[in-house]
Amino acid sequence: MKILRFIHVTFAQAFYGWALREIDPMHPDLPKLVMKRQQLADEARRMFAA
């Protein structure tokens, strides 16, 4: 299950990275995208930190 969750987080990070590259810098949802990408990065780091 841990591997499946890691794969899900990795694909989600890739999606949010793409979204950040494509979105207008003045779009109101930009802070939400940045925050979500940071949360996913923290989650991926915590998964294999132990």
To the nearest 0.5 Å, tell me how far [X] [atom1] sits from [Y] [atom2].
X	Y	atom1	atom2	answer
Ile3	Met47	CD1	CE	9.5 Å
Phe11	Phe6	CZ	CZ	11.0 Å
His8	Glu43	NE2	CD	8.5 Å

Co-membership, hydrophobic cluster, residues Phe15 and Leu4, 4.5 Å side-chain: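 In one cluster with Phe15: Leu4, no.
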
Closest contact, heavy atoms only, Ala41 versus Gln13: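 For Ala41 versus Gln13, the nearest heavy atoms are CA-NE2, 3.1 Å.
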
Quick one: side chains of residues 27-40, donor-acceptor pairs under 3.5 Å with protein atoms, not counting sequence neighbours, listed by atom name and distance.
from: His27; atom 1: ND1; to: Asp29; atom 2: N; distance (Å): 3.0
from: Gln38; atom 1: NE2; to: Asp42; atom 2: OD1; distance (Å): 3.1

